2 protein chains.
Amino acid sequence: MRIGCGAARIPRPDPVARGAHAVRGHSVSVVTGKRRSATNPVTIGDIARVAGVSRSTVSRAFSRPEMLSGETVHRVRAAADQLGYVVNHAARALSTGRFGNIAVVVPDIANPFFPPLVRRVQTLADQADYAVFLGDSDEIADREANLTSRLSAQVEGFVLAAPRLDEQRIRELDAQRPVVLVNRDIEGLARVLIDPSGGLDEAVAHLHRLGHRRVVYLSGPRESWSDQQRRAALNRAAERVGIEVAVQELGRPSSTGGRDAVGGILASGATAVIAFDDVVAQGVLAGLALRGIAVPRDISVIGCDDTLASGTNPALTTISAASAAAGEAAAELLLARLADAERPAERVAIATHLVVRETTDAARPAARE
Amino acid sequence: MRIGCGAARIPRPDPVARGAHAVRGHSVSVVTGKRRSATNPVTIGDIARVAGVSRSTVSRAFSRPEMLSGETVHRVRAAADQLGYVVNHAARALSTGRFGNIAVVVPDIANPFFPPLVRRVQTLADQADYAVFLGDSDEIADREANLTSRLSAQVEGFVLAAPRLDEQRIRELDAQRPVVLVNRDIEGLARVLIDPSGGLDEAVAHLHRLGHRRVVYLSGPRESWSDQQRRAALNRAAERVGIEVAVQELGRPSSTGGRDAVGGILASGATAVIAFDDVVAQGVLAGLALRGIAVPRDISVIGCDDTLASGTNPALTTISAASAAAGEAAAELLLARLADAERPAERVAIATHLVVRETTDAARPAARE
DNA sequence: GTGAAAGCGCTAACAC
DNA sequence: GTGTTAGCGCTTTCAC
């Protein structure tokens with residue numbers, strides 16, 4: 001048994017002994033008799049002891065070094081480095097309310113629209129010393145609600161990308177923690193909106209010029225703001241030039257969904273397809289290929305989001321969406337808001353345009369006309 | 001001044017008055033007069049007051065309801081629901097050491113190999129009531145180190161996917177918190193390994209059968225275990241059948257990297273290309289198309305990971321990698337470990353095979369031979 | 001410039 | 001079965 005450790009409670013025998021045994025309340029094999037703290041391997045108290053100062057001083061050395069003598073700061077920092085200290089944000093948050101965490105919630109991280117967005121958010125957050133939680137709602141509003149409420153006690157703010165939640169719940173969340181929306185337009189909230197109308201106007205004009213008079217729109221999820229915008233913008237543009245639009249409901253955007261929609265597309269008699277996104281469009285391409293229907297000879301296909309680059313077969317004409325740019329704008333909005341609570345909730349709009357691929361133009365006068 | 005509140009310290013006057021003042025230390029514009037607690041809007045103490053029980057009882061009603069009378073549990077839960085209570089995991093962690101968080105760290109979330117993996121991890125974690133942090137190291141070992149150390153005080157464990165960190169630092173991390181590796185083989189650590197040899201054997205046999213005798217391998221990042229494995233497995237298989245392999249170093253896998261490699265590929269005189277992953281292979285396809293070189297007539301291309309489905313042009317022959325399956329296995333390993341600390345670190349292997357696309361077989365006898 | 005003490009929200013020995 | 005008390009790691013008045 002060790003003797004002579006005068007401290008009121010012996011915090012931690014020594015670096016080696018530390019880290020060896022179980023958690024409070026559990027009787028784990030006590031053979032070694034060692035145990036590390038519930039959370040941090042090295043705490044402010046450890047540093048205080050080594051540096052010969054109080055815990056407050058150590059704390060200040062990190063958060064308000066200007067309050068301390070340079071000498072002290074240096075000594076504390078040295079001790080911290082030596083011990084390998086890393087701040088416990090959770091504990092800090094308990095007293096400051098600042099977690100140093102934000103959350104990004106998406107409907108489906110496997111949908112190629114979102115990874116570039118998430119990546120930008122993560123990068124900017126990291127630069128501002130925030131860590132990021134990722135929530136994947138699987139396109140389900142209630143799961144999104146669970147995620148956000150679960151997370152709200154650990155984050156300072158949210159980026160909700162294409163949220164499926166109803167407006168009411170989003171407003172409630174925003175009342176708790178600052179929220180930045182991507183592709184969802186709620187008055188008074190910070191939001192980044194990708195406006196599809198520019199790209200769709202061009203797409204419709206393009207199709208019209210090529211002789212198409214009837215197109216089918218393969219929709220996205222009902223809850224999707226983007227889908228609503230695209231639908232509306234398409235109808236407006238089509239009406240203007242005298243093109244007829246038939247909508248085919250698809251729900252969750254997926255390649256198989258697009259493939260399975262081919263039957264309906266052909267039955268509709270349309271000569272061109274505009275898909276909710278590139279993933280769906282790619283499925284359509286695959287489905288058409290299976291039936292031996294040639295694109296663009298027999299039918300034209302246009303996607304949205306420009307997520308598949310020129311990788312499809314044939315290379316897909318699409319409408320740009322700039323998801324990374326949206327992620328960047330969202331992160332900036334949120335971080336600025338966290339840095340300055342008084343900042344008003346801004347609204348950022350991102351324009352789109354038609355991207356016609358060089359290799360093959362998916363839009364052509366339909367042979368069946 | 002309020003009198004008669006016998007408690008040693010007055011916790012909080014009442015629900016309305018609460019939230020009425022500024023953040024500790026900050027003098028915020030008090031016009032609205034509203035302000036919530038540093039972290040949670042409603043705490044265990046609030047519930048205790050409403051339900052007329054002690055805070056411990058409230059706590060127990062959630063963590064160990066079987067200790068309490070059904071009546072009490074019910075009353076507490078009712079009060080909690082009414083107030084809209086959500087547990088503060090950070091505070092809980094401070095006393096239990098259990099955060100209810102895990103972290104997934106990837107080199108590049110925009111690389112299509114990772115989203116399905118991350119998604120599976122997130123889904124399984126969610127089911128076990130864990131929230132997940134996402135770290136994107138941008139392929140940089142030091143950033144990965146920062147992320148993991150930053151996060152280690154808020155998570156119970158890590159999934160490190162294709163980590164770029166050196167073995168030593170990974171071991172140190174694992175000593176702090178359980179780590180599960182994906183595509184990195186470190187003895188004694190839990191890991192999920194996708195074994196490329198099956199698929200590469202098939203690919204090489206396939207190419208050999210078609211008459212190819214010289215292939216170029218477009219490598220991945222040096223730090224990548226997967227790349228090392230693929231390189232080695234390819235060399236073994238090639239040697240066996242008498243095919244010559246030229247390696248072209250590429251670093252970070254990207255479509256543009258693949259496209260820019262085309263010059264070197266052509267100069268090498270090889271008749272087939274095996275790329276580190278599908279993204280690179282797609283870039284090669286694009287680069288070849290730009291030069292008017294036909295695949296598979298003039299040269300054959302095979303990818304890895306099967307991340308682009310049949311969306312490339314022409315549809316890409318590739319080697320399966322099952323990133324979702326890897327994510328699932330990794331999550332299971334980690335969650336099992338968290339539920340039972342005594343569990344040994346397992347090693348899971350995932351086999352691969354060659355996926356020859358229906359539309360067009362990218363491997364053919366080279367015309368230039 | 002630095003230390004003592006209280007407290008963030010929660011859990012867990014230890015009474016009763 | 002339930003309340004009391006102490007304490008997780010950190011910050012922050014308030015003294016000195």
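To find a chain, count down the sequence lines: A is the first, B the second, and so on, and within it residues start at 1. None of these values were measured; they are calculated from a predicted model.
- Salt-bridge check for B:Arg49 with B:Asp46: passed, with a basic side-chain N closer than 4.0 Å to an acidic carboxylate O.
- Each of B:Ala91 and B:Arg64 was assigned the nucleotide of DNA chain C with the nearest heavy atom; the assignment lying further toward the 5' end belongs to B:Ala91.
- With rounding to whole Å, B:Glu66 atom CD is found 15 Å from D:dT2 atom C1'.
- Taking the side chain of A:Thr43 as heavy atoms from C-beta on, and the options C:dG3, D:dG1, D:dC10, the nearest nucleotide is D:dC10.
- The side-chain hydrogen bond (donor to acceptor under 3.5 Å, both in side chains) test with B:Tyr130 singles out one residue from B:Arg98, B:Gln122, B:His89, and that residue is B:Arg98.
- In this structure, the CE atom of B:Met67 is 11 Å from the C1' atom of D:dG3, given to the nearest Å.
- Looking at heavy-atom distances under 4.0 Å, B:Thr72 makes contact with sugar-phosphate atoms alone, never a base.
- Electrostatic pairing of A:Asp136 and A:Arg143 does not count as a salt bridge here, judged by no charged N lying under 4.0 Å from a carboxylate O.
- If you measure from atom NE2 of B:His89 to atom P of D:dG9, you get 20 Å, rounded to the nearest angstrom.
- In terms of position on DNA chain C, the residue among A:Val73 and A:Arg55 whose nearest nucleotide sits closer to the 5' end is A:Val73.
- Summarising the geometry, the separation between CZ on B:Phe99 and P on C:dT11 is reported as 14 Å, rounded to the nearest angstrom.
- No engagement by A:Val58 is indicated, since no non-hydrogen atom pair under 4.0 Å with the nucleic acid exists.
- Of the candidates C:dT2, C:dT11, D:dG3, the closest approach to any side-chain atom of B:Ser59 belongs to C:dT11.
- Taking atom CZ of residue A:Phe62 and atom P of nucleotide D:dT11, one finds them 9 Å apart after rounding to whole Å.
- Not one side-chain nitrogen or oxygen of A:Ser95 sits closer than 4.0 Å to the OP1 or OP2 atom of D:dT11.
- The interatomic distance linking B:Arg92 (CZ) with C:dC8 (C1') rounds to 16 Å, in whole Å.
- Relative to the side chain of A:Ser56, the nucleotides C:dT2, D:dT12, C:dC10 differ in distance, and D:dT12 lies closest.
- The side chain of A:Thr96 contributes no N or O atom lying less than 4.0 Å from OP1 or OP2 of D:dT12.
- As a whole-Å value, the separation of B:Ile44 CD1 from C:dC8 P is 14 Å.
- When side chains are defined from C-beta on, A:Val58 counts as touching A:Val53, because their heavy atoms get closer than 4.5 Å.
- Checked by distance alone, A:Arg60 brings a side-chain donor or acceptor within 3.5 Å of a matching partner on the base of C:dG3.
- For an aromatic pair to be called close, the ring centres must be under 6.0 Å apart, and A:Phe99 with A:Phe133 fails this.
- The nearest whole Å value for the distance from the CD1 atom in B:Ile47 to the P atom in D:dT2 is 16 Å.
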